[in-house]
Amino acid sequence: MFRVSIPASDGTAFNLEKDRFEFLAEQFGLAPSDFGREFRTGSERYRITGIDPKRPRYPISAERIPDRRGFKFAAENVAMLLQAKENKP
């Protein structure tokens with residue numbers, strides 16, 4: 001498997017998933033900066049990788065750490081799990 005990147009004007013790679021997430025995040029109760037953040041549910045850790053408004057029940061895409069397997073989550077659950085992580089001592 002290989003990936004092709006399009007360079008942005010600042011020299012970084014253009015990331016369509018990140019840009020779409022940042023554009024739509026607030027509509028789903030998340031912050032644009034939540035892209036790439038990690039959260040835990042049960043004993044599993046996940047990293048936010050995208051958002052898809054065509055999946056209204058489970059719009060948030062995340063990959064399980066460490067095997068990078070993809071999963072879909074409800075936006076409300078992800079927002080709650082991120083907030084719980086922030087409030088932990």
Side-chain angles (χ1 to χ4, degrees):
M1 177 181 179
F2 66 92
R3 293 183 184 194
V4 175
S5 297
I6 299 170
S9 59
D10 63 0
T12 61
F14 178 71
N15 185 332
L16 180 60
E17 284 300 319
K18 181 179 181 196
D19 289 345
R20 180 164 62 168
F21 184 92
E22 289 173 349
F23 181 75
L24 296 170
E26 291 178 354
Q27 294 178 33
F28 290 90
L30 298 168
S33 60
D34 287 337
F35 183 86
R37 283 192 61 197
E38 294 181 13
F39 62 93
R40 182 180 294 274
T41 178
S43 63
E44 303 285 349
R45 288 179 33 224
Y46 298 87
R47 179 179 298 113
I48 298 173
T49 59
I51 194 166
D52 187 348
K54 295 181 210 166
R55 297 188 318 248
R57 289 187 68 169
Y58 302 101
I60 307 304
S61 298
E63 63 183 16
R64 183 170 57 196
I65 301 168
D67 66 5
R68 300 186 72 176
R69 183 172 174 210
F71 290 85
K72 297 172 182 73
F73 290 90
E76 303 83 27
N77 291 351
V78 172
M80 180 183 67
L81 292 165
L82 289 172
Q83 185 174 18
K85 182 179 177 182
E86 289 174 359
N87 293 331
K88 277 192 170 179

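Count residues from 1 along the sequence. For clarity, every value in this text was computed on a predicted model and none was experimentally measured.
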A side-chain contact here means heavy atoms from C-beta on lying under 4.5 Å apart; do L81 and F73 qualify?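 Not touching, per the 4.5 Å side-chain cut-off.
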Report yes if the side chains of D34 and F21 come closer than 4.5 Å at any heavy-atom pair, otherwise no.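 Yes, side chains in contact.
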Find the distance between CD1 (I65) and CZ (R40) and round it off to the nearest 0.5 Å.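 Interatomic distance, I65 CD1 to R40 CZ, rounded to 0.5 Å: 9.0 Å.
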What's the verdict on side chain to side chain contact (heavy atoms under 4.5 Å, CB included) for I51 and F23, showing C-alpha distance, side-chain angles and the deciding distance? CA-CA 10 Å; I51 194 166; F23 181 75; over 6 Å; no
Could I get the full list of side chain to side chain contact (heavy atoms under 4.5 Å, CB included) partners for [X], not counting sequence neighbours?
| X | value |
| --- | --- |
| A79 | L30 |
| P53 | L24, F28 |
| E44 | Y46, R64 |
| E76 | A74 |

Taking side chain to side chain donor-acceptor pair (under 3.5 Å) as the test, write out the residues that go with S61, two or more places apart.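 Counting only residues at least two positions away or on another chain, S61 forms a side chain to side chain donor-acceptor pair (under 3.5 Å) with R55.
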Under the side chain to side chain donor-acceptor pair (under 3.5 Å) rule, collect the residues that match up with R47, sequence neighbours excluded.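 In terms of side chain to side chain donor-acceptor pair (under 3.5 Å), with neighbours along the sequence ignored, R47 is linked to E38, E63.
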Look at the side-chain heavy atoms of Ile, Leu, Val, Met, Phe, Trp and Tyr, link any pair under 4.5 Å apart, and say whether M80 and L82 land in one connected group.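 No, because M80 and L82 fall into different hydrophobic clusters, even though each may have its own neighbours under 4.5 Å.
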Give a yes or no on whether F71 atom CZ has more than 12 heavy-atom contacts from other residues, nucleotides or ligands under 6.0 Å away.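 More than 12 within 6.0 Å, yes.
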My understanding is that only residues two or more places apart in sequence, or in another chain, count here; which of them pass salt bridge (Lys or Arg N to Asp or Glu O under 4.0 Å) with D10?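 By the salt bridge (Lys or Arg N to Asp or Glu O under 4.0 Å) rule, D10 matches no residue at all.
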Looking at every non-hydrogen atom in both residues, tell me the closest pair between P32 and E26 and how far apart they are.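 Nearest heavy atoms, P32 then E26: CD-OE2, 3.7 Å.
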